[in-house]
Structure formats: structure tokens, C-alpha cells
Amino acid sequence: MLLARLAQVSREVAAASARSRKTALLAELFREAAAEDVPVVIPYLAGRLPQGRLGVGWKVLGRPVPPAAEPSLTVREVDARLTGLGEVSGPGAQAERARIVGALLAAATEDEQRFLLGLLTGEVRQGALDAVAVEGLAAATGAPAADVRRAVMLAGSLRTVAAALLADGPPALERFRLTVGRPVLPMLAHSASSVAEAVAKLGACAVEEKLDGIRVQVHRDGRTVRIHTRTLDDITDRLPEVHAAALALPGERFVLDGEVISFTAEGRPRSFQETAGRVGSRLDVATAAAAVPVAPVFFDALSVGDRDLLDLPFAERHAELARLVPEPMRVRRTLVAGEEDVPRAEEFLARTLERGHEGVVVKGLDAPYSAGRRGASWLKVKPVHTLDLVVLGAEWGHGRRTGRLSNLHLGARTEDGGFVMLGKTFKGLTDALLAWQTERLRELAVEEKSWGVLVRPELVVEIAYDGLQRSTRYPAGVTLRFARVVRYREDKRPEEADTVATLLAAHPQVRP
DNA sequence: TTCCGACAGTGGGGTCGCAAT
DNA sequence: ATTGCGACCCCACTATCGGAA
């Protein structure tokens with residue numbers, strides 16, 4: 001199959017607004033694809049490369065290449081060239097990557113170039129990724145969409161399921177069950193603004209501490225242990241402590257879900273930055289582990305022995321977890337029968353925060369484990385802080401925000417009446433607010449840049465954020481975590497904005 | 001008819017490892 | 001030795017579609 005066909009369908013999918021239309025377009029293409037092309041066609045139309053990321057970004061891709069007049073590239077040839085691209089390393093790698101990409105783009109028509117650049121940057125912008133591709137695959141094969149979705153979650157891979165399904169039809173889905181040693185996509189949580197709100201939604205529930213570390217799924221089969229991240233990367237080699245802890249548990253076969261985090265000698269959690277840095281260290285793990293030891297803390301059991309627990313209610317999965325894992329290696333929790341217990345749950349949240357953790361996750365006791373989904377039965381509750389800051393500049397947006405000033409530069413007041421930048425945000429803005437701020441900020445502009453504008457510090461904006469973290473990038477030595485716009489404060493003058501000093505005073509545990 | 005769950009898109013900061021400078 | 005880039009951790013929020021209520 002020619003790449004041109006995929007590029008054409010991708011353009012049509014992007015142009016269609018109805019999801020049902022996108023699904024139909026994808027299904028048609030999947031039916032056309034020859035068996036050998038399927039392992040490439042499916043991920044490409046889901047907006048991803050089967051090889052994953054290839055080490056090329058805008059630095060290499062930014063240089064325009066004259067397009068070919070006629071399409072000639074086949075999907076398999078493109079796939080082979082990109083596999084080669086992924087294998088480039090060592091001195092001269094950047095030039096070699098640029099050469100390979102340049103040659104590929106030169107062989108591509110304008111339409112194909114656009115599609116390839118989207119794939120390589122991970123931004124196809126066709127309004128369809130894995131989920132719509134799953135729908136398309138179901139439509140193409142006549143398999144129920146829910147069954148296909150479930151198989152993909154359990155396989156952790158759309159490509160594998162697609163190949164099996166197109167080769168053997170719907171019965172192939174039976175093969176995709178939870179298997180010890182093969183990671184499944186983890187269940188995720190929604191947010192709630194308070195414990196009371198979460199309990200009102202869920203009824204009988206468990207309130208568990210939320211640790212600010214790295215999510216892990218730990219598989220043990222006999223003496224073999226594998227540790228995977230949220231995106232199913234294998235990080236076993238980086239976490240010898242977790243490996244040892246899994247082998248020390250009194251069970252030969254299991255799959256557990258939890259968080260890896262580093263504690264100080266006093267038992268306080270280290271900052272996310274420290275834990276993430278440790279888990280990210282690959283070269284000298286022993287030295288990293290000596291400086292920042294980590295520990296697993298589990299909260300769910302997906303499989304124990306030969307039993308697949310995914311469809312059991314959380315209460316039963318947790319009972320299995322408690323049989324296998326000793327208390328200190330499980331998250332702290334309290335059980336709540338209903339709304340009459342809300343004060344106790346709030347007390348639990350307060351104590352969890354005192355211990356230095358992020359917040360809590362409220363979990364319905366009846367719900368199954370929804371692999372790969374943001375289940376309605378897990379609700380995280382974290383304290384939200386707010387500040388009144390001043391807009392110092394703004395950057396032009398991309399995609400659907402093209403032509404709008406989108407990403408705001410946020411400043412706090414200093415003692416001498418000036419402002420220092422604390423970070424940026426683009427979140428929390430409605431289309432109407434985007435339009436309004438674009439106009440307003442252009443009026444206030446004192447300097448036009450290629451990337452946006454610098455403005456007179458006059459607009460005050462209320463910003464919500466999750467906490468403070470150290471920064472080497474910003475002059476105050478700190479930056480906001482997960483900053484987002486709440487509203488503009490046109491009733492406030494910049495002299496009334498919050499200062500760096502008040503910000504630091506509100507977070508005494510974080511020092512620049 | 002209205003409501004709400006699921007998705008895609010739009011990017012944020014930090015840290016590590018690698019290659020270029 | 002330092003710098004820049006890309007991958008991958010953490011993530012919030014809005015718009016939209018389409019099925020559920």
C-alpha cells in the first residue's frame with residue numbers, strides 16, 4: 001500500500017468532525033490493507049510509529065525539503081527506513097538522522113510530508129488516535145468495539161491485537177487475557193474538588209493516600225520480576241529495591257499496581273523531582289540508589305496465583321492484596337461507609353497532607369479494575385492553591401489555537417516594585433477568553449517577538465496551582481506546579497498582585 | 001431533550017542521557 | 001566541560017461527539 005493513501009485518509013479524517021465518520025474512514029482503509037501492511041498501517045492511522053519515538057524532533061524536521069511530484073513510497077518501505085533511523089547512534093548521529101529524514105521527505109509528496117512530519121513529532125492532529133482506531137478496527141472486522149478495546153488494554157498494544165484480529169477474526173480476541181509478565185494499561189483516576197464530593201458520588205469507598213512518585217506495575221512469575229511504568233516501559237533494571245521487594249513477598253505469581261517513591265531516613269517522602277530523577281537514572285543505578293533509595297507502595301492486585309482479579313470488585317482485589325503484601329508496603333487507607341463518614345475522611349486527608357503526601361484517592365469498593373481507562377470510580381482529591389499574578393507576556397498558540405495568544409508568562413511582584421517570571425500556563429482558557437486575551441494583550445504589547453508578545457505588566461490573573469517546586473530556569477529559584485487560569489481579575493491592579501515573599505512563605509518546605 | 005463519559009488537543013516543568021560544541 | 005535536544009516522568013483543562021438517562 002502506498003503511503004499516499006494513508007496521507008489522504010488522514011486528511012479526510014482530520015476534515016471530518018463526526019467521530020462516526022472518522023471511524024468509517026479508518027475502517028475502510030483497514031479492510032483494504034494487506035496482511036503484511038497491517039502492523040504498519042494500523043499504528044500510522046492511530047497517529048503513532050510502531051517503533052515509538054525515534055530521536056528526531058523539530059531541530060531535524062524543521063528544515064523544509066522540496067516535495068516529490070508523484071507518490072512512490074510504500075508504507076513498508078517507509079517503515080523500514082524509519083526502523084533504520086531508530087538504530088542510528090554514536091558520533092555523527094545527528095547528521096545521519098538528518099540525512100535519512102531528508103531523503104525520506106524528498107521522496108514524499110507534499111501531502112505525504114505533512115503526514116510523516118505529524119507521525120515523527122507525534123502530532124498528527126487528525127482528531128483520532130488509539131480510541132478511534134479501535135472503533136475503526138472493530139467496524140472493519142465485525143468484532144464488538146468493547147471487546148476490541150478490552151483486548152487492546154490487556155495486550156497493551158493496538159498493533160498486536162489488530163494483526164491477530166485481521167488474520168483470525170473476532171475469535172482471536174479470546175487470546176488476549178491478563179498474563180503475568182505482560183503489562184496491561186493501568187487504570188487512571190478522575191479529579192474531585194473535595195472528599196465530600198467524591199464520597200457523595202461513590203457511596204461506600206476506600207480513601208487512600210496519594211503518593212507523589214512514579215506509577216509501577218510489578219509482575220512476578222517464579223524468580224522472574226518485571227517492572228513497568230504507566231506507559232508500559234520496562235524499568236526493571238533501574239529499581240533493584242523493588243525487584244528485591246517483589247521476590248521477598250510470599251507469592252510465586254502475581255501482578256501488583258502501586259507507586260514507587262523515595263523516603264528520607266525520617267520517613268518523609270522526598271519531592272517528586274528527587275524520586276523522578278532517581279527512577280530516571282539508568283547508567284549508574286547503584287550510586288543513584290545509595291543516594292536516593294526508593295520503595296514500592298502497592299494499592300491494587302490485578303492477578304494472584306492463577307486468578308485474574310480484574311473483574312472482581314475493588315474490595316475483593318484489596319483483600320487479595322492484603323493477604324500477599326504486608327501493611328508497610330501498602331498505601332494507608334480508611335474505609336468509608338457513606339456520607340456520615342465524611343468528617344473522618346477529611347481528617348484522614350489532613351493527616352496524609354501532614355505526612356507530606358499529595359492528597360488522597362477515593363475509590364468505590366464495588367468497581368472492577370478498568371484497565372487503560374479513567375474509571376469513574378477512582379477520584380483524586382488534592383489541595384489547590386491560588387495566587388493573583390501579573391501577565392508579563394504571551395506566546396502564539398498552535399493547532400486550533402493558531403492566531404490566538406495562548407501561553408501566558410506569569411509574574412509575581414518583588415519588594416522593589418518589579419516583577420519576576422514564575423512560569424507559564426495555557427490551561428483553563430475557554431475560546432471566548434482566548435479571544436479576549438489576544439485582543440487585550442495586543443493592546444498592552446510593548447514588544448513583538450516571533451513567538452509572541454511582551455506586555456506592560458497590567459493584567460492581573462488568578463492562577464490555581466498544585467504546589468511549588470525548585471527551578472533553575474526561573475529567577476526566583478522556584479516555579480508553580482500545574483499552573484492554570486481561574487479567571488482574570490480586572491478589579492485588581494498589578495500593585496495588588498501576590499509577591500514572591502508571600503509565595504515562599506506559603507510553602508515553607510520548598511526553598512529556592 | 002438534556003446530561004455526561006470518553007477523547008483529542010494544547011501545551012506546562014523537571015531530569016536524564018546523548019551528541020554537538 | 002558545557003549546552004541543546006529529545007524522551008519520558010508527572011499533569012489540568014476545554015471542546016466535541018454520541019450514547020445514556
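Just so we're on the same page: letters track the sequence lines, and every chain starts at 1.
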Salt-bridge test for A:Asp237 and A:Arg282: reply yes if a basic N is under 4.0 Å from a carboxylate O, no otherwise.
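Not counted as a salt bridge, because no side-chain N and carboxylate O are separated by less than 4.0 Å.
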
Identify whether the distance between the nearest side-chain nitrogen and carboxylate oxygen of A:Arg215 and A:Glu259 falls below 4.0 Å.
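Salt bridge absent between A:Arg215 and A:Glu259.
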
Below 6.0 angstrom between ring centroids: does that apply to A:Phe426 and A:His398?
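Between A:Phe426 and A:His398, the centre distance exceeds or equals 6.0 Å.
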
Among the candidates [options], find the nucleotide nearest to the side-chain atoms of [X].
{"X": "A:Ala18", "options": "C:dA12, B:dC7, C:dG18", "value": "C:dG18"}
{"X": "A:Ile214", "options": "B:dA6, C:dG18, C:dC10", "value": "C:dC10"}
{"X": "A:Ser20", "options": "C:dG18, C:dC10, C:dC9", "value": "C:dG18"}

In whole Å, what is the span from the [atom1] atom of [X] to the [atom2] atom of [N]?
{"X": "A:Asp234", "N": "C:dC8", "atom1": "CG", "atom2": "P", "value": "13 Å"}
{"X": "A:Arg238", "N": "B:dG17", "atom1": "CZ", "atom2": "C1'", "value": "11 Å"}
{"X": "A:Glu462", "N": "C:dC13", "atom1": "CD", "atom2": "P", "value": "13 Å"}

In terms of ring plane angle, is the pair A:Trp451 and A:His409 parallel, tilted or perpendicular, where the classes change at 30° and 60°?
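Plane angle under 30°, so parallel.
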
Compare side-chain N and O positions of A:Arg374 against OP1 and OP2 of B:dA6 and report whether any pair is under 4.0 Å apart.
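No, A:Arg374 has no side-chain N/O under 4.0 Å of OP1/OP2 on B:dA6.
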
Contact list (N/O, under 3.5 angstrom) for nucleotides 13-16 of chain B vs protein:
{"from": "B:dG13", "atom 1": "OP1", "to": "A:Tyr474", "atom 2": "OH", "distance (Å)": "2.4"}
{"from": "B:dG14", "atom 1": "OP1", "to": "A:Arg470", "atom 2": "O", "distance (Å)": "3.4"}
{"from": "B:dG14", "atom 1": "OP1", "to": "A:Ser471", "atom 2": "OG", "distance (Å)": "2.6"}
{"from": "B:dG14", "atom 1": "OP2", "to": "A:Arg473", "atom 2": "NE", "distance (Å)": "3.3"}
{"from": "B:dG14", "atom 1": "O3'", "to": "A:Gln273", "atom 2": "NE2", "distance (Å)": "2.9"}
{"from": "B:dC16", "atom 1": "O3'", "to": "A:Gly280", "atom 2": "O", "distance (Å)": "3.4"}

Look for any protein N or O under 3.5 Å of an N or O in nucleotides 2-5 of chain C and output each such pair with its distance, or none.
none

